[in-house]
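So the structure is just underneath, and the comments pick up after that.
Read the numbers this way: they start at 1 and go in the same order the structure lists the ligands and their atoms. Positions are given from 1 along the sequence.
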Amino acid sequence: MTIFKSVQSVAVAHLAAAAFLIFPALAHAGDIEAGRARAQTCVACHGPGGNSKDPAVPTLAAQPEQALATMLYQFREENRKNPLMSPMAGNLSNTEMNDLAAYFESEKRAQPLHQTKPANLELGPVLAKKYNCTQCHGPELKGIQHIPNIRGQQHDYLLAQLQAFKAMKRADMDGNMTSASTGLKDEDIIVLVDYIAGLAN
Ligand code: HEC
Ligand code: HEC
(Lines give C-alpha, C1' and ligand atoms only; values in the text may rest on other atoms or scores of the structure.)
(Ligands and ions follow the chains in the order given, each with its own letter.)
Protein backbone atom coordinates (compact mmCIF):
# COMPACT_ATOMS: atom_id res chain seq x y z
CA MET A 1 0.00 0.00 0.00
CA THR A 2 2.71 2.46 1.02
CA ILE A 3 4.78 1.45 -2.01
CA PHE A 4 1.80 1.86 -4.31
CA LYS A 5 1.08 5.29 -2.84
CA SER A 6 4.63 6.56 -3.24
CA VAL A 7 4.85 5.25 -6.81
CA GLN A 8 1.60 7.01 -7.54
CA SER A 9 2.75 10.34 -6.13
CA VAL A 10 6.01 10.11 -8.11
CA ALA A 11 3.94 9.55 -11.25
CA VAL A 12 1.71 12.53 -10.44
CA ALA A 13 4.71 14.77 -9.70
CA HIS A 14 6.23 13.70 -13.00
CA LEU A 15 3.04 14.55 -14.90
CA ALA A 16 2.76 17.93 -13.19
CA ALA A 17 6.38 18.71 -14.13
CA ALA A 18 5.71 17.74 -17.73
CA ALA A 19 2.62 19.95 -17.86
CA PHE A 20 4.59 22.82 -16.37
CA LEU A 21 7.26 22.37 -19.04
CA ILE A 22 4.98 22.18 -22.01
CA PHE A 23 1.88 24.28 -21.41
CA PRO A 24 3.32 27.78 -20.82
CA ALA A 25 5.15 27.57 -24.13
CA LEU A 26 1.98 26.64 -25.95
CA ALA A 27 -0.39 29.10 -24.35
CA HIS A 28 -0.16 31.65 -27.18
CA ALA A 29 -0.03 31.18 -30.93
CA GLY A 30 3.19 32.62 -32.32
CA ASP A 31 3.71 35.61 -34.61
CA ILE A 32 5.00 34.44 -38.01
CA GLU A 33 6.71 37.74 -38.94
CA ALA A 34 8.47 38.09 -35.59
CA GLY A 35 9.62 34.48 -36.00
CA ARG A 36 10.90 35.11 -39.52
CA ALA A 37 13.05 37.99 -38.25
CA ARG A 38 14.48 35.86 -35.46
CA ALA A 39 15.09 32.84 -37.72
CA GLN A 40 18.17 34.39 -39.38
CA THR A 41 20.47 32.57 -36.97
CA CYS A 42 18.64 29.27 -37.41
CA VAL A 43 18.83 29.02 -41.19
CA ALA A 44 22.64 28.96 -41.07
CA CYS A 45 22.31 25.33 -39.98
CA HIS A 46 18.69 24.41 -40.80
CA GLY A 47 18.78 25.82 -44.35
CA PRO A 48 16.77 28.55 -46.09
CA GLY A 49 13.15 28.53 -44.84
CA GLY A 50 14.15 25.68 -42.53
CA ASN A 51 14.79 23.27 -45.42
CA SER A 52 18.04 21.60 -44.44
CA LYS A 53 20.63 20.56 -47.01
CA ASP A 54 22.66 18.57 -44.47
CA PRO A 55 21.44 14.95 -44.03
CA ALA A 56 22.32 15.09 -40.31
CA VAL A 57 20.48 18.37 -39.55
CA PRO A 58 16.68 18.25 -39.37
CA THR A 59 14.39 20.20 -41.68
CA LEU A 60 12.05 22.48 -39.71
CA ALA A 61 9.80 23.68 -42.56
CA ALA A 62 6.15 22.55 -42.29
CA GLN A 63 6.70 21.04 -38.86
CA PRO A 64 3.53 21.53 -36.74
CA GLU A 65 3.90 24.61 -34.52
CA GLN A 66 3.13 22.69 -31.35
CA ALA A 67 5.77 20.05 -32.15
CA LEU A 68 8.38 22.77 -32.80
CA ALA A 69 7.58 24.70 -29.62
CA THR A 70 7.77 21.48 -27.61
CA MET A 71 11.13 20.52 -29.14
CA LEU A 72 12.58 23.97 -28.39
CA TYR A 73 11.27 23.68 -24.86
CA GLN A 74 12.96 20.31 -24.44
CA PHE A 75 16.29 21.80 -25.57
CA ARG A 76 15.95 24.91 -23.41
CA GLU A 77 15.10 22.89 -20.30
CA GLU A 78 17.96 20.47 -21.12
CA ASN A 79 15.68 17.43 -21.37
CA ARG A 80 17.11 17.06 -24.86
CA LYS A 81 20.75 17.88 -25.49
CA ASN A 82 22.89 18.49 -28.55
CA PRO A 83 26.19 20.40 -28.64
CA LEU A 84 25.16 22.45 -31.70
CA MET A 85 21.50 23.01 -30.89
CA SER A 86 21.36 23.38 -27.10
CA PRO A 87 23.13 26.79 -27.00
CA MET A 88 20.66 28.07 -29.64
CA ALA A 89 17.62 27.34 -27.47
CA GLY A 90 19.17 28.21 -24.12
CA ASN A 91 18.23 31.89 -24.13
CA LEU A 92 14.91 31.86 -25.97
CA SER A 93 11.82 33.16 -24.15
CA ASN A 94 8.50 31.34 -24.50
CA THR A 95 7.23 34.05 -26.85
CA GLU A 96 10.33 33.78 -29.05
CA MET A 97 9.94 30.00 -29.22
CA ASN A 98 6.28 30.32 -30.21
CA ASP A 99 7.12 32.91 -32.89
CA LEU A 100 9.90 30.73 -34.36
CA ALA A 101 7.57 27.72 -34.30
CA ALA A 102 4.80 29.65 -36.09
CA TYR A 103 7.26 30.84 -38.73
CA PHE A 104 8.81 27.44 -39.53
CA GLU A 105 5.38 25.78 -39.63
CA SER A 106 4.35 28.34 -42.28
CA GLU A 107 7.24 27.45 -44.62
CA LYS A 108 6.71 24.86 -47.37
CA ARG A 109 8.77 21.68 -47.08
CA ALA A 110 11.09 21.21 -50.07
CA GLN A 111 11.35 18.00 -52.06
CA PRO A 112 13.68 15.52 -50.35
CA LEU A 113 17.30 15.17 -51.42
CA HIS A 114 17.23 11.46 -50.55
CA GLN A 115 16.25 8.77 -53.05
CA THR A 116 14.64 5.58 -51.70
CA LYS A 117 15.90 2.22 -52.95
CA PRO A 118 13.24 0.61 -55.22
CA ALA A 119 12.79 -2.44 -52.92
CA ASN A 120 12.02 -0.21 -49.94
CA LEU A 121 9.28 1.64 -51.82
CA GLU A 122 7.20 -1.52 -51.32
CA LEU A 123 8.46 -2.67 -47.94
CA GLY A 124 8.49 0.80 -46.32
CA PRO A 125 4.70 1.38 -46.28
CA VAL A 126 4.11 -2.18 -45.00
CA LEU A 127 6.43 -1.58 -42.03
CA ALA A 128 5.04 1.92 -41.37
CA LYS A 129 1.59 0.34 -41.00
CA LYS A 130 2.77 -2.73 -39.10
CA TYR A 131 4.56 -0.59 -36.48
CA ASN A 132 1.73 2.01 -36.26
CA CYS A 133 3.90 4.89 -37.50
CA THR A 134 0.99 6.03 -39.68
CA GLN A 135 -1.45 5.74 -36.78
CA CYS A 136 0.30 8.50 -34.79
CA HIS A 137 2.22 10.48 -37.44
CA GLY A 138 -0.78 10.37 -39.82
CA PRO A 139 -1.45 8.53 -43.11
CA GLU A 140 1.06 10.78 -44.92
CA LEU A 141 3.44 10.98 -41.91
CA LYS A 142 3.00 14.77 -41.81
CA GLY A 143 2.33 14.86 -38.08
CA ILE A 144 -0.31 16.73 -36.12
CA GLN A 145 -0.19 18.99 -33.04
CA HIS A 146 2.74 17.72 -30.90
CA ILE A 147 3.46 14.74 -33.20
CA PRO A 148 6.26 15.63 -35.65
CA ASN A 149 6.09 15.74 -39.44
CA ILE A 150 8.65 13.13 -40.53
CA ARG A 151 7.74 13.04 -44.24
CA GLY A 152 10.85 13.62 -46.39
CA GLN A 153 12.87 14.46 -43.25
CA GLN A 154 16.68 14.25 -43.57
CA HIS A 155 17.97 10.66 -43.82
CA ASP A 156 20.86 10.62 -41.35
CA TYR A 157 18.87 12.65 -38.83
CA LEU A 158 15.94 10.18 -38.94
CA LEU A 159 18.30 7.24 -38.56
CA ALA A 160 20.05 8.76 -35.55
CA GLN A 161 16.72 9.63 -33.85
CA LEU A 162 15.15 6.19 -34.31
CA GLN A 163 18.30 4.49 -33.05
CA ALA A 164 18.36 6.88 -30.08
CA PHE A 165 14.66 6.27 -29.23
CA LYS A 166 15.27 2.52 -29.38
CA ALA A 167 18.29 2.87 -27.08
CA MET A 168 16.14 5.12 -24.78
CA LYS A 169 18.59 7.98 -25.29
CA ARG A 170 16.31 10.47 -27.04
CA ALA A 171 14.07 12.80 -25.01
CA ASP A 172 10.46 11.76 -25.32
CA MET A 173 7.69 13.97 -23.92
CA ASP A 174 5.16 11.22 -23.27
CA GLY A 175 7.07 7.95 -23.73
CA ASN A 176 4.93 7.01 -26.75
CA MET A 177 7.74 7.17 -29.28
CA THR A 178 10.14 5.19 -27.12
CA SER A 179 7.57 2.39 -26.74
CA ALA A 180 6.87 2.56 -30.48
CA SER A 181 10.53 1.95 -31.27
CA THR A 182 11.49 -0.72 -28.72
CA GLY A 183 10.11 -3.53 -30.93
CA LEU A 184 11.80 -2.24 -34.09
CA LYS A 185 14.46 -4.51 -35.56
CA ASP A 186 17.65 -2.74 -36.65
CA GLU A 187 17.08 -3.81 -40.26
CA ASP A 188 13.51 -2.45 -40.15
CA ILE A 189 14.85 0.93 -38.99
CA ILE A 190 17.14 1.02 -42.07
CA VAL A 191 14.20 0.29 -44.40
CA LEU A 192 11.80 2.72 -42.70
CA VAL A 193 14.33 5.56 -42.75
CA ASP A 194 15.25 4.95 -46.41
CA TYR A 195 11.52 5.01 -47.25
CA ILE A 196 10.43 8.01 -45.10
CA ALA A 197 13.42 10.21 -46.08
CA GLY A 198 12.56 9.85 -49.78
CA LEU A 199 8.82 10.65 -49.54
CA ALA A 200 7.90 13.55 -51.84
CA ASN A 201 6.33 16.64 -50.29
C1 HEC B 1 24.95 25.50 -35.22
C2 HEC B 1 23.90 24.82 -35.94
C3 HEC B 1 22.46 25.08 -35.51
C4 HEC B 1 21.83 26.32 -35.35
C5 HEC B 1 22.41 27.70 -35.58
C6 HEC B 1 20.46 26.02 -34.97
N7 HEC B 1 20.26 24.66 -34.90
FE8 HEC B 1 18.50 23.72 -34.45
N9 HEC B 1 19.43 21.91 -34.57
C10 HEC B 1 20.76 21.71 -34.94
C11 HEC B 1 21.04 20.29 -34.90
C12 HEC B 1 22.37 19.62 -35.25
C13 HEC B 1 19.85 19.65 -34.50
C14 HEC B 1 19.64 18.15 -34.27
C15 HEC B 1 19.84 17.86 -32.82
C16 HEC B 1 19.67 16.41 -32.48
O17 HEC B 1 20.22 15.57 -33.19
O18 HEC B 1 18.96 16.13 -31.51
C19 HEC B 1 18.87 20.70 -34.30
C20 HEC B 1 17.55 20.46 -33.91
C21 HEC B 1 16.57 21.43 -33.85
C22 HEC B 1 15.18 21.17 -33.56
C23 HEC B 1 14.54 19.82 -33.34
C24 HEC B 1 14.01 19.34 -34.68
C25 HEC B 1 13.34 18.02 -34.65
O26 HEC B 1 12.85 17.60 -35.71
O27 HEC B 1 13.26 17.40 -33.59
C28 HEC B 1 14.52 22.38 -33.61
C29 HEC B 1 13.05 22.64 -33.41
C30 HEC B 1 15.52 23.39 -33.91
N31 HEC B 1 16.75 22.78 -34.05
C32 HEC B 1 15.25 24.73 -34.04
C33 HEC B 1 16.22 25.71 -34.21
C34 HEC B 1 15.94 27.13 -34.16
C35 HEC B 1 14.55 27.73 -33.98
C36 HEC B 1 17.13 27.78 -34.33
C37 HEC B 1 17.41 29.26 -34.32
C38 HEC B 1 17.02 29.96 -33.07
C39 HEC B 1 18.15 26.75 -34.50
N40 HEC B 1 17.55 25.52 -34.41
C41 HEC B 1 19.50 26.99 -34.71
C42 HEC B 1 21.66 22.69 -35.30
C43 HEC B 1 21.45 24.06 -35.22
C1 HEC C 1 1.92 6.24 -30.16
C2 HEC C 1 2.26 7.29 -31.09
C3 HEC C 1 3.49 7.12 -31.96
C4 HEC C 1 3.83 6.04 -32.74
C5 HEC C 1 3.12 4.70 -32.88
C6 HEC C 1 5.02 6.43 -33.46
N7 HEC C 1 5.40 7.70 -33.13
FE8 HEC C 1 7.07 8.66 -33.74
N9 HEC C 1 6.71 10.18 -32.43
C10 HEC C 1 5.59 10.29 -31.63
C11 HEC C 1 5.73 11.48 -30.78
C12 HEC C 1 4.73 11.98 -29.74
C13 HEC C 1 6.99 12.05 -31.10
C14 HEC C 1 7.63 13.30 -30.46
C15 HEC C 1 8.53 12.84 -29.32
C16 HEC C 1 9.26 13.98 -28.63
O17 HEC C 1 9.99 14.75 -29.29
O18 HEC C 1 9.13 14.10 -27.40
C19 HEC C 1 7.57 11.21 -32.14
C20 HEC C 1 8.81 11.46 -32.74
C21 HEC C 1 9.32 10.74 -33.81
C22 HEC C 1 10.55 11.05 -34.49
C23 HEC C 1 11.47 12.23 -34.21
C24 HEC C 1 11.11 13.32 -35.16
C25 HEC C 1 11.92 14.56 -35.02
O26 HEC C 1 11.69 15.48 -35.84
O27 HEC C 1 12.76 14.67 -34.15
C28 HEC C 1 10.70 10.12 -35.49
C29 HEC C 1 11.84 10.03 -36.49
C30 HEC C 1 9.58 9.22 -35.42
N31 HEC C 1 8.75 9.62 -34.38
C32 HEC C 1 9.37 8.15 -36.28
C33 HEC C 1 8.40 7.17 -36.07
C34 HEC C 1 8.34 5.92 -36.80
C35 HEC C 1 9.25 5.54 -37.96
C36 HEC C 1 7.32 5.20 -36.25
C37 HEC C 1 6.93 3.77 -36.58
C38 HEC C 1 7.99 2.80 -36.38
C39 HEC C 1 6.72 6.00 -35.18
N40 HEC C 1 7.41 7.20 -35.12
C41 HEC C 1 5.66 5.62 -34.38
C42 HEC C 1 4.51 9.43 -31.61
C43 HEC C 1 4.49 8.17 -32.21
Atom indices of ligand 2 within 4.0 angstrom of Met173 heavy atoms, with elements: 14 (C), 16 (C), 18 (O)
Under a 4.0 Å heavy-atom limit, does Ile196 contact ligand 2 with its side chain, its backbone, both, or neither? side chain
What's the verdict on side chain to side chain contact (heavy atoms under 4.5 Å, CB included) for Asp174 and His146, showing C-alpha distance, side-chain angles and the deciding distance? CA-CA 10 Å; Asp174 55 10; His146 68 291; 3.7 Å; yes
Gln135 near ligand 2 by a heavy-atom separation under 4.0 Å: no
Assess the side chains of His114 and Asp194: does a donor N or O sit below 3.5 Å from an acceptor N or O? yes
Run the numbers on Lys166 and Thr182 for side chain to side chain contact (heavy atoms under 4.5 Å, CB included), then give the verdict. CA-CA 5 Å; Lys166 190 181 167 188; Thr182 43; 5.7 Å; no
Quick check on contacts: which atoms of ligand 1 are under 4.0 angstrom from a heavy atom of Cys42? 34 (C), 35 (C), 36 (C), 37 (C), 38 (C), 39 (C), 41 (C)
Check ion pair Glu187-Lys185 (N to O, under 4.0 angstrom): no
So how far is it from Met85 CE to Phe75 CZ, rounded to the nearest 0.5 Å? 5.5 Å
Atom 8 (Fe) of ligand 2: which protein N, O or S atoms are under 2.8 Å away? His137 NE2, Met177 SD
Nearest protein heavy-atom contact for atom 5 (C) of ligand 2: which residue, which atom, what distance? Asn132 O, 3.3 Å
Where ligand 1 meets Leu68 - atom numbers and elements under 4.0 angstrom, heavy-atom basis: 29 (C)
Within-cut-off N or O pair, His146 and ligand 2, under 3.5 Å: no
Between Arg38 and ligand 1, is there a nitrogen or oxygen pair with a distance under 3.5 Å? no
Among Gln74, Met85, Met88, Gln161, whose heavy atom sits nearest atom 32 (C) of ligand 1? Met85
His155 and Val193: CA distance, side-chain angles, deciding distance, side chain to side chain contact (heavy atoms under 4.5 Å, CB included) verdict: CA-CA 6 Å; His155 180 276; Val193 168; 3.6 Å; yes
Looking only at side-chain N and O atoms, does Tyr103 offer a donor or acceptor that is under 3.5 Å from a partner on Glu107? yes
Go through Met97 and Tyr73 one step at a time and tell me if the side chain to side chain contact (heavy atoms under 4.5 Å, CB included) criterion holds. CA-CA 8 Å; Met97 292 195 301; Tyr73 226 83; 3.0 Å; yes
Considering only the protein, which heavy-atom contact is closest to atom 15 (C) of ligand 2, and what is its distance? Asp172 OD1, 3.9 Å
Within-cut-off N or O pair, Arg170 and ligand 1, under 3.5 Å: no
Looking only at protein heavy atoms, which one is nearest to atom 29 (C) of ligand 2, and what is the separation? Leu158 CD2, 3.5 Å
Between Leu162 and ligand 2, find which residue part has any heavy-atom pair under 4.0 Å and reply side chain, backbone, both or neither. side chain
Nearest heavy atom to atom 18 (O) of ligand 1, choosing from Arg80, Gln154, Gln63, belongs to Arg80
Look at atom 14 (C) of ligand 1 and say which protein heavy atom is nearest, naming residue and atom and giving the distance to 0.1 Å. Pro58 CD, 3.5 Å
Judging by distance only, is a nitrogen or oxygen of Tyr157 under 3.5 angstrom from one on ligand 2? yes
Tell me whether atom 8 (Fe) of ligand 1 has His46 as a neighbour, meaning an N, O or S atom of it below 2.8 Å. yes
